[in-house]
Asks: 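Below is the structure I would like to discuss, written out as structure tokens.
When a ligand or atom number is given, it counts from 1 through the structure's own listing order.
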Amino acid sequence: MQTQTLTVDAHAPQAAVLTAAADVIQRGGLVAFPTETVYGLGADALNPVAVAGIFAAKGRPASDPLIVHLADLDQLELVVAELPPSLAQLHDLVPGPLTLVLPRHARVPLSVSAGRDTVAVRVPAHAVAVGLIRAAATPIAAPSANRFGHTSPTTAAHVLADLAGRIDLVLDGGPTPVGIESTVLDLTSPTPRILRPGGVSLAQLQARLGAVEVAPRAATGAGAPDAGAAPTDTGAAAPGMLERHYAPEHELRLVCGAPDPARAWLAAQVVALTEQGVTVGVLLCAEDIARLQPLLSAHTALIEALGSEADLAQIAHNLYAALRRLDARAPQVILARDFGAEGLGLALRDRLTRAASGNVTWLGDGPA
Ligand code: AMP
Ligand code: MG
């Protein structure tokens, strides 16, 4: 299969491009498109054959359910069996990087939900994504547009690096603004439950819903075995939250803790590893790089910058692209640290922990 790329205006998508892409969706094909979080790999959510194509192209296990993307909340009734009252409190976060797990309508193929009686839905805040869903006149199931387990794509080039020759079309709308995936919130559990931290923070949800639980795996990015084995167990941690995920080719070691002790740990690792002849790469914020610069230069560490830790949105925006760039420079070991658990910090910690395949050192008290 030849993968076609069409350039599209991220803010005012050209009607002809959307029509061409919608045509592929309606014929049961696969279209990668930008959302505000990461690039999605879309297919008609109501066509089981098209949905099977997503799993095949990504090499994604059938136990890992897909998020269904809608143009607006009015489309909820197409895919959701029953709307919980708590939904009304979340309207100002929609559209946005928030995925809701709700009772699945029988119209949605079981494969979309990996056999569950729930369905995950989201309204993306991106003109291309919404324009495509409207033009296709159907909800679009779309996981991240990468090979299963790889780092999620935030540019069309990232999509092509993983999926060229395996999908019909990529809409290139430039880099995605948020840069990490949506928050997955289960509204079918007795207390609303974050299954995956993401672009909407715990505090934002608590402000609207009161009590909100965080699934243990979502708090630390690691822990219990994958819940994908229990198709009807909707209360369990999010399926697909495999420990090794968003992973670079090269080994990543993560340190979690306050900035000063974490920097001391990083410095000691750089010294120890280079003394062993290991090529070290570091994925760090600007403040860390400024403080560690002499040591990093002396040990010829490969450096990728994430931006200032005063702006976690910038760090989220840069994370996956910087990880891919560093990985391409082939360090034998990549070192990184976390950015706390406030706001986007929880989601950053989750993605870094899983990119590290659980290779995490906790300084101080460990996960809260
Ligand atoms: P991705 O689109 O690749 O970011 O992955 C979608 C993720 O959403 C899955 O891996 C799950 O963690 C979560 N998810 C999707 N559907 C459900 C569901 N019905 N119940 C719980 N979690 C879900
Ligand atoms: Mg994914």
Asks: Using a heavy-atom cut-off of under 4.0 Å, does the side chain or the backbone of R196 touch ligand 1, or both, or neither?
Replies: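 Under 4.0 Å from ligand 1, R196 contributes side-chain atoms alone.
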Asks: Is V101 touching ligand 1 with its side chain, its backbone, both, or neither, if touching means heavy atoms under 4.0 Å apart?
Replies: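 It is the side chain that touches ligand 1; the backbone stays farther off.
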Asks: Suppose clustering is done on Ile, Leu, Val, Met, Phe, Trp and Tyr with side-chain heavy atoms closer than 4.5 Å. Which residues sit in the same group as L110?
Replies: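 None, because no other hydrophobic side chain comes under 4.5 Å of this residue.
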Asks: Using a strict 4.0 Å cut-off to heavy atoms of A120, name the atoms of ligand 1 that fall inside it.
Replies: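 Here the atoms of ligand 1 in question are 15 (C), 16 (N), 17 (C).
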Asks: Can you tell me if S144 contacts ligand 1 (heavy atom of the residue under 4.0 Å from the ligand)?
Replies: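 Heavy atoms of S144 do come under 4.0 Å of ligand 1.
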Asks: Do you know which two heavy atoms are closest between P331 and L326, and how far apart they sit?
Replies: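 Of all heavy-atom pairs spanning P331 and L326, the closest is CD-O, 3.1 Å.
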Asks: Which is it for T99 and ligand 1 at heavy atoms under 4.0 Å: side chain, backbone, both or neither?
Replies: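 None of T99 does.
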Asks: With the Mg ion (ligand 2) as the centre, enumerate protein N/O/S atoms below 2.8 Å in chain and residue order.
Replies: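 Under 2.8 Å from the Mg ion (ligand 2) - ignoring waters, which are not counted - the protein N, O or S atoms are S144 OG.
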Asks: Hey, which atoms in ligand 1 end up nearer than 4.0 Å to a heavy atom of L195?
Replies: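 Under 4.0 Å from L195, ligand 1 has these atoms: 21 (C), 22 (N).
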Asks: Looking at G199 and Q204, what are the two nearest heavy atoms and their distance?
Replies: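 So the minimum-distance heavy-atom pair works out to O-OE1, 4.2 Å.
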Asks: Should we say atom CD of Q206 is surrounded by more than 12 heavy atoms from elsewhere, each under 6.0 Å from it?
Replies: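 Yes, the 6.0 Å shell around CD holds more than 12 heavy atoms from other groups.
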Asks: Pick from P124, P95, P139: which one makes a side chain to side chain contact (heavy atoms under 4.5 Å, CB included) with L70?
Replies: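 The residue from P124, P95, P139 that satisfies side chain to side chain contact (heavy atoms under 4.5 Å, CB included) with L70 turns out to be P139.
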Asks: With hydrophobic residues grouped by side-chain heavy-atom distances under 4.5 Å, do I54 and V108 end up in a single group?
Replies: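 Same hydrophobic cluster.
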Asks: Please say whether D64 places an N or O atom under 3.5 Å from an N or O atom belonging to ligand 1.
Replies: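 Yes, since at least one N or O of D64 sits under 3.5 Å from an N or O of ligand 1.
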Asks: Can you find a side-chain donor-acceptor pair between T5 and D172 that sits under 3.5 Å?
Replies: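 Result is no, nothing qualifies.
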Asks: Quick one, R351 with Y320, criterion side-chain contact (heavy atoms from CB on, under 4.5 Å). Give me CA distance, side-chain angles, the key distance, then yes/no.
Replies: CA-CA 9 Å; R351 303 307 187 274; Y320 289 141; 3.2 Å; yes
Asks: For the NE2 atom on H11, are there more than 12 heavy atoms of other groups (residues, nucleotides or ligands in this structure) within a distance under 6.0 Å?
Replies: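 Open: at most 12 neighbouring heavy atoms sit under 6.0 Å from NE2 of H11.
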Asks: So is T118 polar-close to ligand 1, meaning N/O to N/O under 3.5 Å?
Replies: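 Right, the criterion is met.
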Asks: I'd like to know if D162 and K58 make a salt bridge, using a cut-off of under 4.0 Å between side-chain N and carboxylate O.
Replies: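 Between K58 and D162 there is no salt bridge, as every charged N stays at least 4.0 Å from the carboxylate O atoms.
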Asks: Are any of the N/O atoms on R60, whether in the backbone or the side chain, positioned under 3.5 angstrom from an N/O atom of ligand 1?
Replies: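 Yes, since at least one N or O of R60 sits under 3.5 Å from an N or O of ligand 1.
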